[in-house]
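The next block holds one structure in the form of structure tokens; read it before the comments.
So that the names make sense, note that chain A is the first sequence line, chain B the second, and so on, each numbered from 1.
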There are 2 protein chains.
Amino acid sequence: MTTSADLKTIGLKATLPRLRILELFEKSEVRHLSAEDVYKKLVEEGNDSGLATVYRVLTQFEQAGLLTRHHFEAGKAVYELNQGEHHDHLVCLQCGHVEEFYDADIEKRQEAIARDRGFRIRDHSLHLYADCARNNCPHKGKA
Amino acid sequence: MTTSADLKTIGLKATLPRLRILELFEKSEVRHLSAEDVYKKLVEEGNDSGLATVYRVLTQFEQAGLLTRHHFEAGKAVYELNQGEHHDHLVCLQCGHVEEFYDADIEKRQEAIARDRGFRIRDHSLHLYADCARNNCPHKGKA
DNA sequence: GTATATGCAAAACTTTTGCATCCTT
DNA sequence: AAGGATGCAAAAGTTTTGCATATAC
């Protein structure tokens with residue numbers, strides 16, 4: 001749980017929109033949310049909120065390291081709570097479900113590849129796009 | 001080199017815009033081009049071209065397997081010629097230069113990870129974002 | 001009280017679509 | 001000749017920005 005103090009620590013005033021957006025990510029079952037997703041949820045909850053503020057807050061949170069931004073294959077960005085542990089993404093093309101994974105071997109190879117070429121990795125993204133199951137997508141039919 | 005015949009093979013008429021765009025990718029030093037990049041180059045060359053056509057053609061070429069689309073971290077898509085050999089990308093955050101690489105170990109691990117979870121990989125993207133060298137970016141200073 | 005943040009509306013960008021005209025086959 | 005392709009303009013979708021008002025400290 002993130003508190004007002006945490007926001008101040010990163011140099012941001014603990015305003016209502018910021019607290020609400022953070023809480024939303026912390027309580028959401030769906031980890032990856034777009035600006036539009038966040039905006040809609042805020043509106044559903046009542047209390048007015050502006051889409052522009054959502055974009056501004058998401059950007060600030062990303063710069064502060066609270067959220068991580070991804071682009072996947074769609075034309076818009078999605079954000080997820082940054083909980084320290086790095087992971088990559090396995091995205092089902094059929095139902096859109098996202099699973100996360102971490103593989104130490106892959107991480108090591110990436111480091112080695114960059115080092116061999118004289119690069120220092122700052123960030124990376126690995127997305128596997130796949131079909132999760134035949135007709136009955138376990139995440140679609142939730143069976 | 002791609003010819004009119006190749007376009008017909010994939011069910012597309014060999015029109016001037018399509019031939020010009022394909023040639024552009026084949027002759028370009030920069031492998032990754034956005035729709036806007038392509039459009040500008042066509043305009044520079046003379047002969048009128050519409051941005052809408054560029055988008056349509058790029059999409060068709062991608063569906064036909066001639067081009068591959070990537071999203072990197074910017075808000076727009078870039079395309080590159082699909083020359084058969086799969087590869088991943090190492091992008092320099094300082095100078096924007098893109099190097100390509102292929103690592104069999106990583107490919108194998110990806111397959112294994114997806115298989116373990118019951119997924120079948122259709123596509124994937126691995127992007128390493130890094131700094132290529134200290135001040136004198138080899139690709140910036142071309143030294 | 002002051003500086004910062006918000007909300008609204010307008011703008012900037014990327015991409016898509018409708019439609020009359022043009023070009024390839 | 002016929003159907004698909006193009007170009008223009010308008011629209012749709014995402015993200016940014018200007019500015020007056022409201023809020024946190």
Side-chain angles (χ1 to χ4, degrees), chain A residues 2-24 32-64 66-79 96, chain B residues 2-24 32-64 66-67 69-79:
Chain A
T2 311
T3 66
S4 308
D6 296 311
L7 287 180
K8 287 178 200 157
T9 301
I10 59 179
L12 298 175
K13 284 186 183 173
T15 63
L16 191 51
R18 294 210 258 242
L19 291 169
R20 291 215 294 148
I21 290 174
L22 210 40
E23 188 186 24
L24 202 158
H32 304 83
L33 302 172
S34 67
E36 188 70 28
D37 293 336
V38 170
Y39 175 67
K40 277 192 211 142
K41 292 209 177 203
L42 291 184
V43 171
E44 280 171 20
E45 284 181 2
N47 298 77
D48 280 6
S49 285
L51 183 54
T53 299
V54 172
Y55 274 100
R56 280 186 287 234
V57 171
L58 291 178
T59 300
Q60 292 159 346
F61 283 1
E62 193 215 348
Q63 286 167 353
L66 287 177
L67 298 178
T68 302
R69 181 172 61 171
H70 301 288
H71 273 93
F72 295 171
E73 296 226 316
K76 60 185 173 181
V78 296
Y79 293 81
Chain B
T2 310
T3 67
S4 308
D6 296 310
L7 287 180
K8 287 178 199 155
T9 302
I10 59 178
L12 297 175
K13 285 186 182 173
T15 62
L16 192 51
R18 295 211 259 243
L19 290 169
R20 291 216 293 149
I21 290 174
L22 210 41
E23 189 186 23
L24 203 158
H32 303 83
L33 302 171
S34 67
E36 188 70 27
D37 293 337
V38 171
Y39 175 67
K40 277 192 211 141
K41 292 210 175 202
L42 292 182
V43 171
E44 280 171 19
E45 283 182 3
N47 298 77
D48 281 4
S49 285
L51 184 54
T53 299
V54 172
Y55 274 101
R56 280 186 287 236
V57 171
L58 291 178
T59 302
Q60 291 159 347
F61 284 1
E62 194 215 347
Q63 286 168 354
L66 287 177
L67 297 179
R69 181 170 61 171
H70 300 287
H71 273 91
F72 295 170
E73 295 227 315
K76 60 185 174 182
V78 295
Y79 293 80

Subject >> Contact summary for A:Leu22 and A:Leu7, nearest pair of heavy atoms >> reply: CD2-CD2, 4.0 Å

Subject >> Spacing between A:Leu58 atom CG and C:dA5 atom C1', to the nearest angstrom >> reply: 15 Å

For residues 36-53 of chain B, dump all side-chain donor-acceptor pairs below 3.5 Å to protein atoms at least two apart in sequence or in another chain.
from, atom 1, to, atom 2, distance (Å)
B:Asp37, OD1, B:Ser34, OG, 3.3
B:Asp37, OD2, B:Ser34, N, 2.9
B:Asp37, OD2, B:Ser34, OG, 3.0
B:Glu45, OE1, B:Arg20, NH1, 2.8
B:Ser49, OG, B:Arg20, NH2, 2.8

Original post:
If we fit an axis to the first five pairs and another to the last five of the helix from C:dG1-D:dC25 to C:dT25-D:dA1, what angle do they make, to the nearest 10°?
Top reply: 30°

**OP:** To the nearest Å, give me how far apart CD (B:Gln63) and C1' (C:dT16) are.
**Re:** 13 Å

Original post:
Starting at CZ of A:Arg18 and ending at P of D:dA22, how long is that distance when rounded to a whole Å?
Top reply: 19 Å

**OP:** Please report, rounded to the nearest Å, how far the P atom of C:dT16 is from the CD atom of B:Glu62.
**Re:** 10 Å

Original post:
Looking at residues 32-54 of chain A, who's got a heavy atom less than 4.0 Å off DNA chain D?
Top reply: A:Leu51, A:Ala52

Counting only pairs under 3.5 Å, give me each side-chain donor-acceptor contact of residues 10-18 of chain B, with atom names and distances, residues two or more places apart or in other chains.
from, atom 1, to, atom 2, distance (Å)
B:Arg18, NE, B:Lys13, O, 3.0
B:Arg18, NH1, B:Gln60, OE1, 2.8
B:Arg18, NH2, B:Lys13, O, 3.3

**OP:** Give A:Lys76 one of three labels, base, sugar-phosphate or nothing, depending on what nucleic acid heavy atoms sit under 4.0 Å from its own.
**Re:** sugar-phosphate

Original post:
If you check the A:Ala14 side chain, which of D:dC25, D:dG3, C:dA5 turns out closest?
Top reply: D:dC25

**OP:** Look at the side-chain N and O atoms of A:Lys8 and state whether any lies under 4.0 Å from the OP1 or OP2 oxygen of D:dC25.
**Re:** yes

Original post:
If you pin A:Leu16 and B:Thr15 to their nearest nucleotides in DNA chain C, which one's is more 5'?
Top reply: A:Leu16

Original post:
CD of A:Gln60 versus P of C:dT4: gap in Å, rounded?
Top reply: 12 Å

Subject >> A:Leu7 CG - D:dT23 C1' separation (whole Å) >> reply: 15 Å

**OP:** Locate the shortest heavy-atom distance separating A:His71 from B:Gly75; write the atom from each residue and the value.
**Re:** NE2-CA, 4.5 Å

**OP:** Using a cut-off of strictly less than 4.0 Å, decide whether B:Tyr55 has a side-chain nitrogen or oxygen near OP1 or OP2 of C:dT15.
**Re:** yes

**OP:** May I ask you to test the A:Leu66-A:Tyr79 pair for a side-chain heavy-atom distance under 4.5 Å?
**Re:** no

Original post:
What does B:Arg56 touch in the nucleic acid at a heavy-atom separation under 4.0 angstrom: a base, only the sugar-phosphate, or nothing?
Top reply: base

Subject >> Spacing of A:Lys13 atom NZ relative to D:dA24 atom P, expressed in whole Å >> reply: 9 Å

Original post:
For B:His71 and D:dG13, what is the distance between atoms NE2 and P respectively, to the nearest whole Å?
Top reply: 16 Å

Subject >> side chain to side chain donor-acceptor pair (under 3.5 Å) involving A:Glu23 - partner list, sequence neighbours excluded >> reply: A:Lys27

